[in-house]
Every structure is written in structure tokens, then in C-alpha cells.
Amino acid sequence: MSEHAAQDVIAGIRELLPVLRERAQEAEDARRVPEESVKSLQETGFFKLLQPKTFGGLEADPVSFYTAVKLVASACGSTGWVASILGVHPWHLGLFEAQAQQDVWGDDADVRISSSYAPMGKADVVEGGYRLSGRWSFSSGCDHATWVLLGGPTFKDGKPVDFCTYLVPISDYTIEDVWDTVGLRGTGSNDIIVNDVFVPKHRALSFIATSKCKTPGQEINPGPLYKLPYGSVHPSTITAPIIGMAQGAYDAHVEYQGKRVRAAYAGEQSKEDPFAKVRIAEAASEIDAAWLQLTHNIDELYQLACKGEKLPFPTRLRVRRDQVRGTERAIFAIDRLFENSGGRALKAGTPIQRFWRDAHAGRVHAANDAERAYVMFGTGAFGLPVENAMV
């Protein structure tokens with residue numbers, strides 16, 4: 001049933017693409033995704049794709065989710081980025097204790113959650129939970145959410161004892177509008193400020209448990225989706241929209257070049273330029289390779305989880321290797337196309353320069369730190385222990 005429902009969501013997303021494409025400049029100018037776009041995504045069921053069935057979600061396979069993300073990002077990079085980030089958080093909340101999920105979805109299954117996982121704050125252990133303080137940056141889509149997931153070390157008696165993700169309601173944090181960037185301008189990735197707030201114990205999830213794929217949420221969400229590694233699901237959530245941006249840039253480039261006449265070359269039509277065709281072929285191949293690797297790897301893990309089999313560590317390392325490589329392939333594709341787009345492509349408002357800026361902005365996300373992922377893979381290939389939770 002969830003498979004058919006997921007396909008219905010994807011079909012709904014495809015119908016939305018023209019209007020999302022039209023609103024791309026509006027998102028950039030406002031520095032946030034338009035409310036109408038978020039509402040339209042919600043109406044397709046997109047935000048329910050990775051939400052547990054226990055709380056009204058579809059609990060769909062991850063490839064369906066990434067496919068929907070790629071489509072959205074191919075129309076508007078910022079909207080695709082925010083959709084991916086907000087869309088993966090129901091999966092993460094599904095790993096928390098049942099009471100935390102009840103706190104968020106008990107009265108409204110459509111509640112959305114933003115995040116900032118970097119350790120920009122800290123929590124002290126107190127009776128019944130934690131006291132949390134800090135300032136977290138880059139919380140994409142936070143204006144469309146009423147809860148937030150925040151990462152940070154846990155201290156007891158002044159000593160670090162754990163690293164957790166803390167779930168905090170909007171009544172306990174403030175949003176400061178600081179987002180003014182050259183790329184992904186429409187994501188509204190503003191700062192979250194928390195000042196000495198109490199977080200109940202059930203609203204904290206240890207990263208030790210997450211990295212072992214043994215979490216309290218599996219008691220009420222025993223499905224294969226919630227057995228997947230955080231280090232596979234979340235980084236892929238960053239790469240999927242970047243591949244979508246590359247696809248959007250490709251589509252815009254081909255359409256534009258099909259009509260372009262190059263005055264500097266005696267009125268030559270770009271579609272007759274053999275070198276332009278070479279770049280298009282190169283870009284198309286890189287985009288396809290990035291997408292095939294990402295979806296093949298994630299589906300392989302998912303199918304193993306469906307069978308109740310162990311998820312091999314070498315496979316998890318391959319997921320991370322190909323995830324960062326997928327981002328690199330997408331960036332290469334966009335660069336090859338942009339270099340051959342001509343001076344008019346630089347004009348504000350044109351799709352390809354926006355995709356180019358958005359993709360490069362997404363590239364600097366920590367999940368795309370290629371060298372670290374490659375070192376992890378190489379370390380594992382030599383049979384050496386890999387000391388990294390993001391696998």
C-alpha cells in the first residue's frame with residue numbers, strides 16, 4: 001500500500017513542478033520558500049513519506065523519498081533543499097522514544113521539524129533530563145517548522161559523557177534572521193537560539209545508539225526503514241537535492257542552447273556546435289551516474305533491512321563514498337554546462353546561474369566533505385577500524 005501511496009506522491013510532485021519553477025525567483029528574493037509551496041508539498045503527502053505509520057505516515061522506501069526530492073530540486077534548488085531537510089526529520093523522530101513522537105504528532109500529524117545538528121551548543125545532565133543552551137546556525141526551513149532537532153555534547157559534572165540530538169518545541173527557542181547568502185538564498189537557513197531550556201530525557205537521542213542502528217523508536221516503529229543508518233540516510237538527503245539541481249540546470253541549458261544563436265561565431269546555432277554537444281553528453285552521464293549510485297546503494301541497504309539481515313559495514317562505507325562522489329559529479333556537470341552557457345546566462349533571474357549558485361552552496365555542507373568520506377572508505381578497505389559515527 002505504501003508503494004502505491006508513494007507513487008501517488010511522486011505523481012503529485014510532478015504536477016507541482018511548473019509552479020515551483022515559476023516561484024524560484026520569489027523564494028530567492030524572500031530568502032525563504034513561499035508558504036504556498038510548502039502547503040502544496042504537504043498536500044501531495046510529501047512530508048509523510050518517511051513518517052512512521054504509527055503516526056499517520058506512509059513509511060515509504062527511501063528511494064521514493066529521494067526521487068521526490070530530486071524532482072522538487074530540479075524546479076527550484078532552495079525548495080528542493082528545504083523539502084529534503086524537513087522531509088527527512090520524520091524519519092529521525094521515528095528513532096526517538098515513543099513519548100517524544102507523541103509529543104510532536106499526538107495532536108497534529110502534519111507538524112514539521114527543522115534541525116541544526118552541528119555541536120554549536122551543549123547540554124548538562126540534570127534530574128529528569130538536560131539543561132540546553134546554545135546558538136545553532138543553518139536551520140533550513142525553520143520558518144516552516146514548530147519543533148527543532150539540535151545536536152550537541154552532553155556534560156555531567158563538567159565532563160563530556162555523550163553526544164545527543166535534542167528535540168525542542170518552538171516555545172523554547174527563538175529564530176534570528178541572519179540568512180543572506182550567494183546560494184540557496186531561498187532556504188531561510190537561519191539561527192536557532194536556546195537559553196537554558198529544560199529538555200526531558202525522552203526528547204534526547206544518543207548518537208551512540210543512532211550509529212549502532214539500535215534506537216528506542218524501533219519498539220513502536222519496527223519496520224525496515226527505521227533500521228537504516230543515520231550516516232547513510234542523512235548525507236544522502238543532502239546529495240539528492242544537489243543532483244536535482246544539476247538536472248534542473250541540464251534541462252534549462254539544453255532548452256536555452258536549442259534556441260541560442262552565437263553572434264561571436266558568425267551566427268552559428270549552438271545546437272550545431274559539436275563542442276556544446278560534448279559538454280551536454282558529459283553532464284548527462286555524470287548526473288545519471290550520481291543518481292544511479294545513490295539510489296542503488298540506499299536500496300541495497302533497504303532491501304537487506306527488509307529481509308532482517310545485517311547491514312554490512314563495507315556497504316555503509318560505500319554509501320558514504322558514493323554520496324560525496326555524487327555531489328562531486330553533480331557539481332562537475334553544472335560547471336561544464338555553465339561554462340558553455342554564454343554571457344546572457346549571467347543575468348539575474350536566469351535558471352542556470354541560480355542552479356549553479358545553489359549547487360555550489362550545497363556543496364559546502366559538512367556531509368559533502370569528500371576527503372573524509374574517502375579516507376573512511378580507504379581505511380575500511382585496508383581492514384582498519386573506522387572511528388566515525390557518520391557511516
Side-chain angles (χ1 to χ4, degrees), residues 14 17-18 20-22 24-25 28 66-67 69-81 181-186 238-296 321-365 368-371 373-374:
R14 291 187 187 279
L17 297 185
L20 295 180
R21 198 171 288 116
E22 290 175 5
Q25 189 61 45
E28 177 151 301
Y66 294 128
T67 298
V69 166
K70 180 192 174 193
L71 285 168
V72 176
S74 74
C76 172
S78 287
T79 304
W81 184 270
T181 57
V182 297
L184 292 177
R185 284 183 61 80
I238 297 302
T239 293
I242 296 176
I243 298 174
M245 295 170 209
Q247 185 64 56
Y250 175 86
D251 294 340
H253 178 82
V254 171
E255 180 182 2
Y256 173 61
Q257 295 300 318
K259 304 171 184 175
R260 181 185 173 205
V261 176
R262 307 183 71 179
Y265 293 93
E268 177 188 61
Q269 290 186 314
S270 290
K271 63 184 178 182
E272 299 301 332
D273 179 0
F275 305 112
K277 296 174 183 177
V278 168
R279 287 175 181 256
I280 285 172
E282 288 177 335
S285 181
E286 293 297 328
I287 294 168
D288 287 349
W291 185 243
L292 287 169
Q293 285 186 302
L294 184 144
T295 53
H296 168 79
R321 179 199 72 189
D322 292 344
Q323 171 258 317
V324 295
R325 183 63 180 150
T327 294
E328 289 185 324
R329 290 183 187 277
I331 294 295
F332 174 86
I334 291 179
D335 284 349
R336 290 295 279 164
L337 297 172
F338 189 64
E339 290 165 2
N340 200 49
S341 291
R344 295 189 186 279
L346 298 172
K347 184 179 179 181
T350 59
I352 193 163
Q353 56 81 29
R354 187 188 306 116
F355 282 123
W356 185 83
R357 288 185 289 106
D358 288 348
H360 277 272
R363 166 63 182 86
V364 302
H365 191 283
N368 290 321
D369 193 339
E371 289 79 10
Y374 292 152

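Heavy atoms only: backbone and side chains are in, while hydrogens, waters and symmetry mates are out. The model shown is predicted, which means the values in this text are computed figures rather than measured ones.
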Heavy-atom distance under 4.5 Å between the side chains of Val324 and Tyr374, does that happen here?
yes
Rounded to the nearest 0.5 Å, the OG atom of Ser78 sits from the CZ atom of Phe355 at a distance of 10.0 Å
Please name the pair of heavy atoms, one in Glu286 and one in Ala333, separated by the smallest distance, quoted to 0.1 Å.
CB-CB, 4.2 Å
Side chain Arg357, main chain Val182, donor-acceptor under 3.5 Å
yes
With side chains defined as the heavy atoms from C-beta onward, is the minimum distance between Trp81 and Ile238 less than 4.5 Å?
yes
Might you point out which heavy atoms bring Ser341 and Tyr256 nearest each other, and give the distance in Å?
O-CE2, 3.2 Å
Report yes if some heavy atom in the side chain of Asp335 is under 4.5 Å from a heavy atom in the side chain of Glu339; otherwise report no.
yes
Taking atom types as modelled and ignoring hydrogens, do the side chains of Glu328 and Asn368 form a donor-acceptor contact shorter than 3.5 angstrom?
no
CD1/Ile331 to CD1/Ile243 distance, rounded to the nearest 0.5 angstrom?
10.5 Å
If only atom types and distance count, is the side chain of Arg354 paired as donor or acceptor with the main-chain N or O of Gly349 below 3.5 Å?
yes
Donor-acceptor pair, distance only, cut-off 3.5 Å: does the side chain of Asp358 make one with the backbone of Leu184?
yes
Shortest non-hydrogen separation from Leu17 to Ser74 and the atoms involved
CD1-OG, 4.5 Å
Nearest 0.5 Å, please: how far is CG in Leu337 from CD in Gln257?
9.0 Å
Validation row: Trp356, Leu346 side chains within 4.5 angstrom (heavy atoms)
no
If you count the non-hydrogen atoms of other residues, nucleotides and ligands that lie under 6.0 Å from CD in Glu282, is the total more than 12?
yes
Between CG of Leu294 and CG of Asp322, what distance do you get to the nearest 0.5 Å?
8.5 Å
For the atom pair CZ (Phe275) and CG (Asn340), what is the distance rounded to the nearest 0.5 Å?
10.5 Å
Give, for atom CZ of Arg363 and atom OG1 of Thr239, the distance between the pair rounded to the nearest 0.5 Å.
9.5 Å
Look only at the side chain of Ser285 and the backbone of Ala281, and say whether a donor-acceptor pair between them is shorter than 3.5 Å.
no
Say whether, by atom type as modelled, one donor and one acceptor occur between the side chain of Arg336 and the main chain of Arg279 under 3.5 angstrom.
no
I want to check something: taking the side chain as every heavy atom from C-beta on, are Tyr250 and Ile287 in contact at a cut-off of under 4.5 Å?
yes
Any heavy-atom pair between the side chains of Gln247 and Leu71 that's under 4.5 Å?
no
